[in-house]
Amino acid sequence: MEKAYSPGEIETRTYQRWESSGAFAPSGEGEAYCIMLPPPNVTGTLHMGHAFQHTLMDTLTRWHRMRGYSTLWQPGTDHAGIATQMVVERQLGAEGKHRLDLGREKFLERVWKWKAESGSTITRQMRRLGTSVDWSRDKFTMDPELSRGVTEVFVRLHEEGLIYRGKRLVNWDPVLLTAVSDLEVLSEEENGSLWHIRYPLAQGAGHVVVATTRPETLLGDTAVAVNPDDQRYQPLLGKQLTLPLTGRTIPVIADGYVDAAFGSGAVKITPAHDFNDYEMGLRHNLAQINIFTPDAKLNENAPERFRGLDRFDARKQIVAELEAAGLIEKIEPHKLKVPRGDRTGAVIEPYLTDQWYVKIAPLAEPALKAVEEGRTRFVPENWSKTYYEWMRNIKDWCVSRQLWWGHRIPAWYDDAGSIYVGRDEAEVRKKHSLAPDLRLRQDDDVLDTWFSSALWPFSTLGWPDTTAPLKKFYPTSVLVTGFDIIFFWVARMMMMGLKFMGDVPFRDVYITGLIRDENGDKMSKAKGNIIDPLDVIDGISLADLLAKRTSGLMQPHLKDKIDKATRKQFPDGIAPFGTDALRFTFASLAGASRDINFEFGRVGGYRNFCNKLWNGARFVLMTVEGQGDLSGAAELSIADRWIVSRFAATLAQVDSSLKEYRFDFAATALYEFTWYEFCDWYLELTKPVLQGEATTEAQKRGTRRTLLTVLEALLRALHPLMPFITEEIWQRVIPLVAPLAAAADVRATTSRTELLMQARYPASTDYAADSQAEAEVSWMKQFILAVRQIRGEMDIAPSRKIPLLLQNAGERDRALTQKHFAYLSRLAGLEAITPLSAGDAAPESATAMLGDLTLLVPMAGLIDPKAEAERLTKRIAKNESDVGKLKGKLGNASFVKHAPPDVVAADQARLAELESQNLSLAAQLERVRRLGGT
RNA sequence: AGUCGCGUAGCUCAGUGGUAGAGCACCUCCUUGACAUGGAGGUGGUCGGUGGUUCGAUCCCACUCGCGACUACCA
């Protein structure tokens, strides 16, 4: 093995081997375990959020697969209607063409062509992460069989009256020229104005002042509303006003919605261009005057001189004319929330159109109940509140989009305007007994992308057919996703799953946090702080990173700032850390689903961890290889028994952690076992056995076997988190383990498999807990640490072997010292350990205390008395402080009376020990001081 | 306005009703035969503030300050 672990080449080679083996597909007769990959957009590239979530899903998948579950991780991509159409339209734009020039059919051909060529970037990138999805089942939301499911759902919902077509106000994107759902509108606070406009009374003198943020919609006003209790306006109720610039007259009406305290207390009502006004218009039978064209220019309902003006230009002109007419009372600066399309950023216009809607209440109710009853569980639990909140206030879902790329709505119109819904035209004709020569035209619109996403948990498994995978894997086990799509996706899958499968789509929903940069800022192109997970894996030069971050900026003026910040943070670019280090970082930060600030120091730490594991394995292989048959009689040392016992505890911890989705606990348990117990202590403890002249062949064999089998099982235990390095090492280790499989005391329960991912996950119960070994090794560790502390603080060279004297050694201390002399002397760098008898005179020494036992390191030639005096003073001060606290506690009668007896007893024992230690330490300090002449 | 969350070492984060933890950074010593991506030792925190419950609060409760996210509304 090479001296250092280098991930690059190993990772690609290993992944190819995995994928071609077919081992990602479900196998075995075990219980089903299934995760649906949230299908990334075909237009997408892998970002940190994906990498994070995919790591967790892969960990769960590999863990269950190794535990014998029949495991499916279902991959696929989403056609991403708007996003994809925009990509291709932009391409066309660059060629000076528009989709309308091509026509629907040619345009769609173009999109499919694009998809075939560039649509799989993200799935290629996923492979670098080691994702063990079943690629043979890869799906796309517009695959024919999935599209069939979409049509089926639409038709069935329509038959039940749960899908209807209606003319009402929708969120209209005037750039995309399509309706969008409430969720696709993002409202941000922006600076605007509040215009106070005088509407003159139609008869007599006087006027009413209305306050508005959108003066241009004045042209569509059909009333002015005031609060019915507003005394100021009582006399005006029912009176007519002259609507400026139009000459129309409109009534003053009363409605409880109006807040008398806001603005002037009078509101202009534009039913065709505001959601609240629309509702009020319905209540009062007001006319709806649409004043905009689909691209938000004024239409024929506006006075001639305004027609064709863009809404923002119209605003200027209208305000100017009002001002000229003396109708503007004042203009105040005003902050308001401006609704913008999440794709285009265009200001969304409430717009009257015919659209298809899903009647949501009957679907939401069972979905709400399923979570309330615990049939689907949110992890962490508090996200269920967010879910409830939304589900209880949910409104009908506008599912039609005026786009070309997507699932075309299965509805047909005849020339008379009648609507027929069916699976296809033939079915429609048959169902409605339409004359063969009746002309039918299919609806031009497509469905919201999320409509098909909502079916993902069963459409990918073959629905509407009752397939074997559908029966086996639905409901799926867990959905791993971000809180940002609880509404978009999770809730809708719940509704559709319950409706069409009669059961929830997943048992658990694990909600992850967001990956942010190291300052806690959201990663974005404009901030120039995006980190590409592949750059963390493979590394990237500063020049390439700069190019990546500063090219194609929407706001080019940010370039210098980004350039500077990037140079500062990555003066040498990004070093390659490897996939396993990145994955382990994600896992170790995936706790209670809070946002994660991505820190490179952490990745570096786990890169080092990979190297540690690599070198630990190197040691084991060097120790075991070429040592002949290991299956003969073997005797286990205390260290062998100890490491096995610790491994059992670690596995138990990993098991309970992963069951609760506490990836951080699992990662920490394995990290600590691997580094602190296996490498730091166990490997060192094997050296006296393996290199000692007094040890027997059986003892050496016992240790070699333990080294090998624990390492092999440790690789299995780590594999779900760091699949590449473990596979690489395991392939070298397993040939040595295989011959031992028959030996009774061998704990490797691996069946012979080609790949580590097919091996069995080690179970805690396979390994013997050994309290005696734990107690003795724990004593040894304290002993050794105490000596090392003296050595460290006194700067005694590691190569220097020193003598050690024991004072006040009890039976057990003497016995253990003798029994484990080989370990103690090696790990603490001792040449001899000599217990003193009660009367023996001790030389001047540095001291450490281990309970009642005192360790003495003779100072002669080694230790400066002054330094030792300082060290002792520090220890005593620390002890004194603890003694003070304990005395205070135990002196409190209430504490002694009320606290549990074992807590009181423990404190009393601790106090006694500290006081006795301090007595010895104080005496020692006196002697050292005299020696130092101070 | 409503809902949820966060405030613990210089930084990023775990954690617990009974002696405060990790990684990174920092200081000292060490190239010893797995590993300098390393080893040994060490420095560093009145756990945001105030009050309450309790024998005991960093943890539970109330209030408060600061930060964040989401939902709704804002004419």
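Quick caveat, the model's predicted, so the values are computed rather than measured. Naming convention: chains lettered A, B, ... in sequence-line order (proteins, then strands); numbering from 1 in each chain.
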Using a 4.0 Å heavy-atom cut-off, does A:R910 contact any base of the nucleic acid, only the sugar-phosphate backbone, or nothing at all? base
Side chain of A:F487, heavy atoms from C-beta onward: which of B:rU71, B:rC73, B:rA69 has the nearest atom to it? B:rU71
Whole-Å distance separating the CG atom of A:D342 from the C1' atom of B:rC70: 16 Å
How far does the C1' atom of B:rC59 sit from the matching atom of B:rG18, given to the nearest Å? 12 Å
Quick one: is B:rG39 close enough that its OP1 or OP2 comes under 4.0 Å of any side-chain N or O from A:W675? yes
Counting any heavy atom closer than 4.0 Å, what does A:Y671 reach on the DNA or RNA strands: base, sugar-phosphate only, or nothing? sugar-phosphate
Residues, nucleotides or ligands: over 12 heavy atoms within 6.0 Å of A:K801 NZ: yes
Taking it one step at a time, do A:Y5 and A:W614 satisfy ring-ring contact (aromatic ring centres under 6.0 Å, His included)? CA-CA 6 Å; A:Y5 176 61; A:W614 181 260; 5.1 Å; yes
If only side-chain N and O atoms of A:Q789 are considered, is one of them under 4.0 Å from the OP1 or OP2 phosphate oxygen of B:rG42? yes
Identify whether any heavy atom of A:R871 sits under 4.0 Å from a base atom; if not, whether one sits that close to sugar-phosphate; answer base, sugar-phosphate or nothing. nothing
For a quick check of understanding: with a heavy-atom distance under 4.0 Å over all strands, which category does A:E672 fall into, base, sugar-phosphate or nothing? nothing
With a 4.0 Å cut-off on heavy atoms, is A:A899 in touch with a base, just the backbone sugar-phosphate, or nothing at all? base
Using a strict 4.0 Å threshold on nitrogen-to-oxygen distance, state whether A:E625 and A:R732 make a salt bridge. no
Which nucleotide in the set B:rC55, B:rA69, B:rA20 lies at the smallest distance from any side-chain heavy atom of A:K885? B:rA20
Could you check whether A:L785 gets within reach of a base, just the sugar-phosphate, or nothing at all, counting any heavy atom under 4.0 Å? sugar-phosphate
Would you classify A:D680 as touching base, sugar-phosphate or nothing, given that sugar-phosphate means primed atoms plus P, OP1 and OP2, and contacts are heavy atoms under 4.0 Å? sugar-phosphate
Which nucleotide, B:rG68, B:rG23, B:rA34, lies nearest any side-chain atom of A:R516? B:rG68
Sugar-phosphate, base or nothing in reach of A:V896, heavy atoms under 4.0 Å: nothing
Rounding to a whole Å, what distance do you find between A:I515:CD1 and B:rG68:P? 20 Å
Could you please name the option among B:rA34, B:rC30, B:rG18 that lies closest to any side-chain atom of A:P798? B:rC30
Between B:rC55, B:rU19, B:rU37, spot the one nearest the side chain of A:N611, thanks. B:rU37
Which nucleotide in the list B:rC35, B:rG42, B:rC70 gets nearest to the side chain of A:E793? B:rG42
Are A:N171 and A:E184 close enough that a side-chain donor and a side-chain acceptor fall under 3.5 Å? no
Rounding to an integer number of Å, can you tell me how far A:L613 CG sits from B:rC35 P? 15 Å
Looking at every strand, decide which applies to A:S799 at a 4.0 Å heavy-atom threshold: base, sugar-phosphate, or nothing. nothing
Among B:rA22, B:rU37, B:rC55, the one nearest A:R602 by side-chain distance: B:rA22
Between A:K385 and B:rU3, is there a side-chain N or O to OP1/OP2 distance below 4.0 Å? no
Polar side-chain contact A:E684-B:rA40 base: donor and acceptor under 3.5 Å: no
Please determine whether a side-chain nitrogen or oxygen atom of A:R662 lies at a distance below 4.0 Å from atom OP1 or OP2 of B:rG15. yes
A:K897 atom NZ is separated from B:rG18 atom P, nearest whole Å, by 22 Å
Please confirm whether the ring centroid of A:Y671 lies under 6.0 Å from the ring centroid of A:W675. yes
Rounded P spacing from B:rA25 to B:rG39 in Å: 13 Å
Interface residues of residues 215-225 of chain A with RNA chain B (non-hydrogen, below 4.0 angstrom): none
Roughly how many Å is it from CG in A:D484 to P in B:rU71, rounded to a whole number? 10 Å
Please work out if A:E389 contacts a base, only the sugar-phosphate, or nothing of the nucleic acid, heavy-atom cut-off 4.0 Å. nothing
Could you check, using the six-membered ring where one of them is a Trp, whether A:F570 and A:F600 have ring centers closer than 6.0 angstrom? yes
Relative to the ring of A:Y510, is the ring of A:Y661 parallel (under 30°), tilted (30 to 60°) or perpendicular (over 60°)? parallel
Would you say the ring centroid of A:F678 lies under 6.0 angstrom from that of A:Y676? no
Quick one: label A:F598 by what it contacts on the DNA or RNA (base, sugar-phosphate, nothing), any heavy atom closer than 4.0 Å. nothing
Measuring to OP1 and OP2 of B:rA36, would you say a side-chain N or O of A:K3 lies under 4.0 angstrom away? yes
Which of B:rU19, B:rC55, B:rA40 is nearest the side chain of A:R788? It is B:rA40
Could you tell me the separation between the OH atom of A:Y387 and the P atom of B:rA69, rounded to a whole number of Å? 25 Å
Run the salt-bridge test on A:K889 and A:D907 with the 4.0 Å N-O cut-off and return the result as yes or no. yes
With respect to the phosphate group of B:rG39, does any side-chain polar atom (N or O) of A:K612 fall under 4.0 Å of OP1 or OP2? yes
Strand RNA chain B as a dot-bracket string - pairs counted if Watson-Crick or G-U with both distances under 3.5 Å, | where the partner lies in another strand: (((((((..((((....[..)))).(((((.......))))).....(((((..]....))))))))))))....
To the nearest angstrom, the CZ-P distance between A:F584 and B:rU12 comes to 22 Å
Ignoring backbone atoms, establish whether A:N597 has a side-chain N or O less than 4.0 Å from OP1 or OP2 of B:rC13. yes
With the side chain of A:H898 defined as its heavy atoms from C-beta on, choose the nearest nucleotide among B:rC55, B:rG41, B:rC4. B:rC55
Roughly how many Å is it from CD in A:E599 to P in B:rA22, rounded to a whole number? 16 Å
Among B:rA34, B:rC55, B:rA22, the one nearest any side-chain atom of A:Y676 is B:rA22
A:K687 side-chain N/O to B:rA34 phosphate OP1/OP2 under 4.0 Å: yes
